[in-house]
Amino acid sequence: MVGSNMMDLITYYEDRFPKIGETIFGKDFEIGFGGKGANQAVAVAKLGGEVVVVTAVGDDLFGPLVRENFSRHGIDTRFIKVVPGKTSGVAPIFVDPEGRNSIFIIPGANSCLLPEDVHKAREALARCPFILTQLEIPLETVYATIHLAQEVGSRVILNPAPFQPLVWENIQGVYLFVPNERELEGFVGFPISEDRDLKKAIEVLWNLGIENVLVTLGERGALLGKEGTLTLFPAYEARTVDTTGAGDAFLGALAYFLAGGKELAEAIDLACAYAALSTEKRGTQKSFATREEFFEWLKKARKKPITLTL
């Protein structure tokens, strides 16, 4: 994984979000480890995969905790950069009674992860069949990761979140481009209000040279656009209490199952299930199941009866 790490500062509220200038009581507060990159890496590790991370922390009190958390999950921490004078990344998260979340991110040291840091990890990354990366780090570093992967024969799964405009020539050759619906809107420049808009948007990306587009649809599942064909992968039923980190659970599981030899369709289906299970617990990384927990849950899991009108 080449990407971000954050400390999650999670507030749960019972009724509503406060208005400007207003103070109200919240329900609960938790601190946890997060960041899109770190979450995805931990999901892979919890499922039993081998992971190396290329990321950056500040020289504050959070930095050593982040490293220790990676180590505790058996993740290779040799390429964690410590940035003097910078804070580690933090993410204030607000969760409503239905488990839906709103998130701010303050990247901190993540903004100092540079292409040279990726090149330092070249030998280790060359042994990775798949490399996960996101947009919580500088775009030049994302592009450098994609180019390095092409050189060493690794496949890149790019999660273009949070949304930033991209230079499409610099991401040609990514194996999977995985936005959610809101991010997809930003890339294609028009609103997605109906299912048929999804088809139109995926076709725009195909025309830009992005061959495999996988759109995550939250509680509806995921839609794969590959070789001119659209395939819906329905979500699984879950007793949802907190959706924070579900997208990262999906991506980590997807990378894990692909690296383990699963075909793309089966890997996506399993990732949908893993993401659904993560919503049954609070928090991000601590809500991710181990391989044993996941497959035990999967025995009784059911898919939601969802279709799309494309």
Side-chain angles (χ1 to χ4, degrees), residues 40 43-44 47 129-134 146 154-161 163 166 168 171-188 190-238 240 243 246-279 294-295 297-299 301-310:
Q40 293 165 22
V44 175
L47 282 165
F130 290 89
I131 299 175
L132 283 162
T133 191
Q134 321 78 28
I146 295 169
S154 299
R155 291 181 171 183
V156 171
I157 299 174
L158 173 58
N159 175 213
F163 169 78
L166 296 171
W168 297 105
I171 65 168
Q172 300 298 313
V174 299
Y175 175 64
L176 275 177
F177 186 76
V178 193
N180 65 23
E181 290 178 89
R182 300 289 77 80
E183 291 148 6
L184 184 60
E185 285 182 339
F187 292 120
V188 300
F190 56 80
I192 297 174
S193 56
E194 299 180 359
D195 290 343
R196 61 177 59 93
D197 296 328
L198 285 168
K199 179 180 180 181
K200 181 181 176 182
I202 290 174
E203 289 173 344
V204 169
L205 294 184
W206 282 341
N207 291 332
L208 289 168
I210 309 303
E211 295 183 1
N212 301 329
V213 182
L214 180 59
V215 185
T216 55
L217 305 173
E219 63 183 14
R220 297 201 295 169
L223 180 65
L224 174 66
K226 183 177 186 291
E227 297 177 348
T229 300
L230 300 178
T231 306
L232 173 66
F233 296 85
Y236 282 73
E237 295 180 355
T240 299
T243 60
D248 296 328
F250 174 88
L251 283 150
L254 178 64
Y256 169 77
F257 288 114
L258 285 172
K262 299 292 187 185
E263 295 296 326
L264 180 57
E266 185 178 2
I268 294 172
D269 181 64
L270 289 168
C272 284
Y274 191 78
L277 176 56
S278 77
T279 71
F294 171 61
F295 279 106
W297 179 87
L298 191 60
K299 292 177 183 177
R302 295 187 300 174
K303 296 180 184 180
K304 292 186 175 182
I306 294 174
T307 59
L308 297 182
T309 304
L310 299 171

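Quick note: numbers below take in every heavy atom, side chains included, and nothing from hydrogens, waters or symmetry partners.
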Visitor: Do any side-chain atoms of residues 191-211 form donor-acceptor pairs under 3.5 angstrom with protein atoms, and if so which ones, sequence neighbours left out?
Guide:
residue : atom : partner : partner atom : Å
S193    : OG   : D197    : OD2          : 3.3
E194    : OE1  : R196    : NH1          : 2.4
D195    : OD1  : R220    : NH1          : 3.0
D195    : OD1  : R220    : NH2          : 3.4
D195    : OD2  : T309    : N            : 3.0
D197    : OD2  : S193    : N            : 2.9
D197    : OD2  : E194    : N            : 2.9
W206    : NE1  : E211    : O            : 3.2
W206    : NE1  : G225    : O            : 3.4
N207    : ND2  : E203    : O            : 3.2

Visitor: Just how far is it from atom OH of Y256 to atom CG of L132, taken to the nearest 0.5 Å?
Guide: 14.5 Å

Visitor: If every non-hydrogen atom of A161 is compared with every non-hydrogen atom of E183, which pair is closest and at what distance?
Guide: CB-OE2, 3.0 Å

Visitor: Working note: E181 + L184, criterion side chain to side chain contact (heavy atoms under 4.5 Å, CB included); need CA distance, chi angles, decisive distance, verdict.
Guide: CA-CA 5 Å; E181 290 178 89; L184 184 60; 5.5 Å; no

Visitor: Which residues satisfy the ring-ring contact (aromatic ring centres under 6.0 Å, His included) test with Y274, sequence neighbours excluded?
Guide: F294

Visitor: Can you measure from CG (L254) to NZ (K262) and round to the nearest 0.5 angstrom?
Guide: 13.0 Å

Visitor: Return the set of residues passing side chain to side chain contact (heavy atoms under 4.5 Å, CB included) with A222 (not counting sequence neighbours), or none when no residue passes.
Guide: L214, F250, I268, C272

Visitor: Could you list the residues that satisfy ring-ring contact (aromatic ring centres under 6.0 Å, His included) with Y175, not counting sequence neighbours?
Guide: F130

Visitor: Which pair of heavy atoms, one from A275 and one from A246, lies closest together, and at what distance?
Guide: CB-O, 3.4 Å

Visitor: Nearest 0.5 Å, please: how far is CG in D269 from CG in L264?
Guide: 11.0 Å

Visitor: Minimum heavy-atom separation for A43 and G252, please, with both atom names.
Guide: CB-CA, 3.9 Å

Visitor: Just by modelled atom types, is the Q40 backbone N or O under 3.5 Å from a matching donor or acceptor in the D248 side chain?
Guide: no

Visitor: Test side chain to side chain contact (heavy atoms under 4.5 Å, CB included) on Y236 and L298; report intermediate values, then the result.
Guide: CA-CA 9 Å; Y236 282 73; L298 191 60; 4.0 Å; yes

Visitor: Tell me, please, which residues at least two apart from T243 pass side-chain hydrogen bond (donor to acceptor under 3.5 Å, both in side chains).
Guide: N101

Visitor: Should we say atom CD of E237 is surrounded by more than 12 heavy atoms from elsewhere, each under 6.0 Å from it?
Guide: yes

Visitor: Taking side chain as C-beta onward, heavy atoms only, is I157 less than 4.5 Å from L258?
Guide: yes

Visitor: My understanding is that only residues two or more places apart in sequence, or in another chain, count here; which of them pass ring-ring contact (aromatic ring centres under 6.0 Å, His included) with F163?
Guide: F187

Visitor: Dump the intermediate steps for side chain to side chain contact (heavy atoms under 4.5 Å, CB included) on L232 and L310, then the final yes or no.
Guide: CA-CA 10 Å; L232 173 66; L310 299 171; over 6 Å; no

Visitor: Please test N159 against T216 for side chain to side chain contact (heavy atoms under 4.5 Å, CB included), starting from the C-alpha separation and ending with a verdict.
Guide: CA-CA 10 Å; N159 175 213; T216 55; over 6 Å; no

